[in-house]
Every structure is written in C-alpha cells, then in structure tokens.
Number of protein chains: 2
Amino acid sequence: MVLSKACTYGILASLYVTREANRSKGYVSIGRMSKELNISFHFLTKILQQLTSAGILSSMKGPKGGVALKRNPQEISLVDIVVAIDGMGLFTDCLLGLPGCGEEKPCPVHDEWAGIRADLFHTFRGKSLAETAKRIDELNLRFALPSESEEGGKSIRDFRNLL
Amino acid sequence: MVLSKACTYGILASLYVTREANRSKGYVSIGRMSKELNISFHFLTKILQQLTSAGILSSMKGPKGGVALKRNPQEISLVDIVVAIDGMGLFTDCLLGLPGCGEEKPCPVHDEWAGIRADLFHTFRGKSLAETAKRIDELNLRFALPSESEEGGKSIRDFRNLL
DNA sequence: TTGATTTAAGACTCTTCTATCTTAAATAGA
DNA sequence: TCTATTTAAGATAGAAGAGTCTTAAATCAA
Ligand code: SF4
Ligand code: SF4
C-alpha cells in the first residue's frame with residue numbers, strides 16, 4: 001500500500017474537520033467523526049494525537065471538546081498530513097529499497113521513479129485542506145469509508161483502462 | 001513501501017538471472033545469487049518459487065540446477081515480476097484505500113493519483129528485463145543490496161531536491 | 001463540588017509481512 | 001547404485017502494522 005491505513009484515515013479526518021470548521025465554530029468531536037467516517041474510534045484517536053503533536057491540530061478535553069485545525073486550512077497541504085503520519089519515506093525512499101539511493105549510484109529504474117516520486121510530492125503539496133474540502137462539496141466526492149452494510153461494493157480493479 | 005521487499009528482491013534476482021544468461025548457458029544457482037545480491041538464501045528461494053509458478057522462471061533441482069528465464073528476456077517486463085509477487089494492487093487500488101474507487105464516485109485525489117498510478121504501470125510495463133539488464137552494464141548501475149560491511153551508507157533522504 | 005463527557009496514553013491483541021529452519025524430492029556424477 | 005548437491009514445500013519465529021481496550025487526566029455544566 002502506498003499510504004498506510006493510519007495516513008489514509010488521517011487525511012479523511014483532516015478533511016472532515018476542515019468541512020466542519022466551515023459550518024460551526026468550536027471543536028469537532030472525535031466520537032462523532034469516527035461514526036460518520038466509519039473509522040474505529042480508538043484508532044482514529046491515536047492518529048489524531050499524532051496530528052496534534054505535529055502541530056496540525058489542536059485538541060480539547062471534556063464536554064464540547066474535540067479537535068480543531070490549528071492553522072488556516074489554506075496553509076495546510078495534504079503533504080503535511082502524510083509526513084506527520086507516514087514520514088517522508090514515500091517521497092525520498094528508493095523504489096527498490098536500496099540503501100544509498102541517489103544520483104551517484106542509481107538503480108536501473110531511478111530516473112522514472114524519481115520523476116513519479118516528485119509528481120506524488122507535488123500533487124500532495126499542491127492540495128490544501130481548504131481547496132480539497134471545497135472540491136468535495138462542489139463535486140460531491142466521497143471521503144468516508146463504506147459502512148458495514150455497503151461493504152459489498154469492493155474495489156473496482158479494472159486492469160484494462162491502464163493499457 | 002511501494003513495492004514489498006519480496007517484490008524488490010524478485011526484480012533484482014530477475015535482472016541477475018538475465019545478465020547471467022548472457023554470459024553462460026544453463027541454470028543460475030540460487031545459492032550463488034543470494035550471496036552476490038546479499039539476500040537471504042531461503043527467502044530468495046521462496047520468491048523465486050513464486051516467479052517459477054507464475055511461469056516467468058523455470059527451475060531444475062540437483063547439481064548444476066538453479067533457475068533460468070522461461071521466456072525471452074525482451075518479452076518479460078518489470079510489471080510481470082511485480083504482478084507475480086505483489087499483484088495488481090499497486091496499479092489498481094485507491095490511494096486512499098476506499099473500496100468502490102472509480103470514476104462514478106471518486107475521492108478528492110482521484111484524478112492525480114489515477115495519472116500517477118498509470119505512469120507507474122507504464123514505466124514498469126515499458127521496461128523489459130533485457131534492456132534493463134543492458135542498461136545496468138552500460139551505465140554501471142547498482143542492483144544488489146549493500147553487504148553487511150557497507151551498511152553504513154544508509155539512504156540519502158534529501159528533502160530539498162523535491163521542492 | 002460532583003459527575004458526566006471527552007481526549008491522552010499506554011498496554012494489549014490480531015494480522016500480515018519478513019525471514020529462518022527443517023525435511024523432502026529431484027538430479028548429476030562418480 | 002550411491003552420494004553430494006540443489007530446489008520445493010511447509011513449519012516456525014520475529015517484526016511491523018492495524019486495531020482494541022483500559023485507565024488517567026482535563027473540562028464543562030449542574
Ligand atoms: S530508482 Fe533511484 S531512488 Fe529508486 S531505488 Fe533506484 S537509485 Fe534509489
Ligand atoms: S483517487 Fe481514485 S483511485 Fe484513489 S482512492 Fe480516490 S477514487 Fe480511489
């Protein structure tokens with residue numbers, strides 16, 4: 001998997017918080033978020049703690065507590081979330097996992113992977129929480145996991161449109 | 001990690017076999033290969049078994065036994081190795097891991113990821129074992145893991161050249 | 001102040017990936 | 001045929017990721 005589950009959930013949760021912030025002031029309840037996104041409450045809590053200690057979210061305990069964006073959602077990019085949870089590895093590691101990766105002694109797929117890797121980085125870096133959340137509303141995109149009942153859907157794995 | 005360790009090793013081993021095939025006829029010893037690539041013998045054996053049952057390699061037991069390419073190395077692409085070991089997931093799965101991924105109900109990063117995913121596929125698909133092995137010789141590229149002694153090198157993780 | 005609510009933190013379980021070890025089967029060569 | 005060599009196959013173990021559970025600490029409201 002390219003992104004860890006934790007990272008995926010972190011992105012979805014960040015977008016959720018961004019949208020809620022547009023609707024009402026105050027902190028967003030993790031319990032409510034976990035229900036709406038179909039993510040395990042305790043697992044989600046752990047992930048959000050990472051984002052909190054990374055300075056992306058702030059949190060508050062007690063009734064009316066929860067998490068909130070610490071900075072302006074236009075200034076937070078998806079790469080911030082990814083790095084906070086999965087680290088920079090995706091954007092810096094060798095595709096073949098060879099230590100000492102680099103221009104001096106590249107492996108056979110270096111040039112191509114370096115380009116794709118940079119694409120990935122720039123894609124995530126160019127997407128702020130604010131505009132991504134906005135696009136969700138405009139285009140009615142999905143960003144929650146499927147509920148137990150609609151699990152039947154499975155992934156569409158269409159090999160042909162890649163050719 | 002984008003590719004599993006097993007898949008990485010499978011690619012390196014395939015390239016090794018391809019190069020050996022240019023030098024001498026017959027089967028390539030897994031024991032010798034594991035030493036030169038610095039990959040655990042038993043683990044490598046298991047991976048090569050996958051490639052054998054996938055029809056990419058043929059194998060022979062006993063003295064002078066080993067593995068050999070079953071088809072012409074110009075007709076085997078890196079995507080064949082990846083798919084045989086890691087499956088098609090990398091080229092078909094959602095980046096966010098949402099089931100039901102697709103055009104009908106895409107997630108917020110669909111368009112970008114679909115493009116990058118396709119790039120990855122075409123890159124691997126466009127690289128045959130033959131030409132990749134050739135490029136290794138021409139450009140003196142690396143394709144083995146570092147030995148225990150040169151482990152010091154570590155990965156170069158230069159954040160800046162991505163910006 | 002008291003109690004209900006909510007996040008924080010850490011221990012714990014479960015699964016998957018990585019790697020190792022043992023035994024069996026096949027082959028070449030003496 | 002007999003023996004050494006080499007891959008095949010399955011059991012086992014270790015590490016990391018994913019997910020759960022319990023207890024503690026902070027906060028609000030009555
Ligand atoms: S392609 Fe470049 S970055 Fe990837 S493993 Fe090879 S040397 Fe490293
Ligand atoms: S970007 Fe497309 S492929 Fe990736 S998770 Fe979203 S819908 Fe699925």
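Per chain, numbering begins at 1; letters A, B, ... match sequence-line order.
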Notebook entry, point to check: With a 4.5 Å limit on heavy-atom distance, are the side chains of B:Y9 and B:L145 in contact?
Noted result: yes
Next item on the list: Examine B:M60 and B:I30 and state if one hydrophobic cluster contains both, with Ile, Leu, Val, Met, Phe, Trp and Tyr joined whenever side-chain heavy atoms are less than 4.5 Å apart.
Entry: no
Item checked: Hphob cluster co-occupancy, A:Y27 + A:L15, side-chain heavy atoms under 4.5 angstrom -> no
Item checked: Spacing between A:M1 atom CE and C:dT15 atom P, to the nearest angstrom -> 16 Å
Checklist line | Stepwise side-chain contact (heavy atoms from CB on, under 4.5 Å) test for B:E20 and B:Y16 | finding: CA-CA 6 Å; B:E20 290 302 306; B:Y16 183 93; 3.5 Å; yes
Next item on the list: Could you check how far CG of A:L37 sits from C1' of D:dG19, rounded to whole Å?
Entry: 16 Å
Check: A:S29 has a side chain; which of D:dA8, C:dT18, C:dT7 sits nearest to it?
Finding: C:dT7
Next item on the list: Decide yes or no on salt bridge (Lys or Arg N to Asp or Glu O under 4.0 Å) for B:K127 and B:E131, but give the supporting numbers first.
Entry: CA-CA 7 Å; B:K127 289 194 162 307; B:E131 58 188 281; 5.6 Å; no
Margin query: Just the rounded figure in Å: distance from P of C:dT16 to CG of B:D86.
Written below: 15 Å
Notebook entry, point to check: Rounded to whole angstrom units, what separation is found between the OH atom of A:Y27 and the C1' atom of C:dT6?
Noted result: 13 Å
Checklist line | Main-chain N/O of B:L90 paired with B:D93 side-chain donor or acceptor, under 3.5 Å | finding: no
Next item on the list: Tell me which nucleotide among C:dT7, C:dA19, C:dT18 gets nearest to the side chain of A:S59.
Entry: C:dT7
Note to self: I'd like to know if B:F124 and A:M1 are part of one continuous hydrophobic network [Ile/Leu/Val/Met/Phe/Trp/Tyr, side-chain heavy atoms within less than 4.5 Å].
What the structure shows: no
Notebook entry, point to check: Has B:S40 got a side-chain N or O lying under 4.0 Å from the OP1 or OP2 atom of C:dT20?
Noted result: yes
Check: Residues from residues 10-26 of chain A sitting under 4.0 Å of DNA chain C, heavy atoms only?
Finding: none
Item checked: Donor-acceptor under 3.5 Å (A:W113 side chain, B:L120 main chain) -> no
Check: Would A:F43 and A:I85 show up in the same hydrophobic cluster when neighbours are defined by side-chain heavy atoms closer than 4.5 Å?
Finding: yes
Which pairs, protein N/O on one side and nucleotides 25-30 of chain D N/O on the other, fall under 3.5 Å?
residue : atom : partner : partner atom : Å
D:dA29  : OP1  : A:K64   : NZ           : 3.4

Next item on the list: Taking only heavy atoms on the protein side, list every residue of residues 41-50 of chain A lying under 4.0 Å from any atom of DNA chain C, sorted numerically.
Entry: A:F41, A:K46, A:Q49
Notebook entry, point to check: Within this structure, what is the CZ-to-P distance between A:R32 and C:dT5, rounded to whole angstrom?
Noted result: 17 Å
Note to self: From CD1 of B:I39 over to P of C:dT18, roughly how many Å is that when rounded to an integer?
What the structure shows: 13 Å
Notebook entry, point to check: Is there a chain of hydrophobic side chains (I, L, V, M, F, W, Y, each step under 4.5 Å between heavy atoms) that links B:F143 to B:L3?
Noted result: yes
Notebook entry, point to check: How long is the line joining CG of A:L57 and C1' of C:dA8, in whole Å?
Noted result: 14 Å
Margin query: Donor-acceptor pair, distance only, cut-off 3.5 Å: does the side chain of B:D137 make one with the backbone of B:K134?
Written below: no
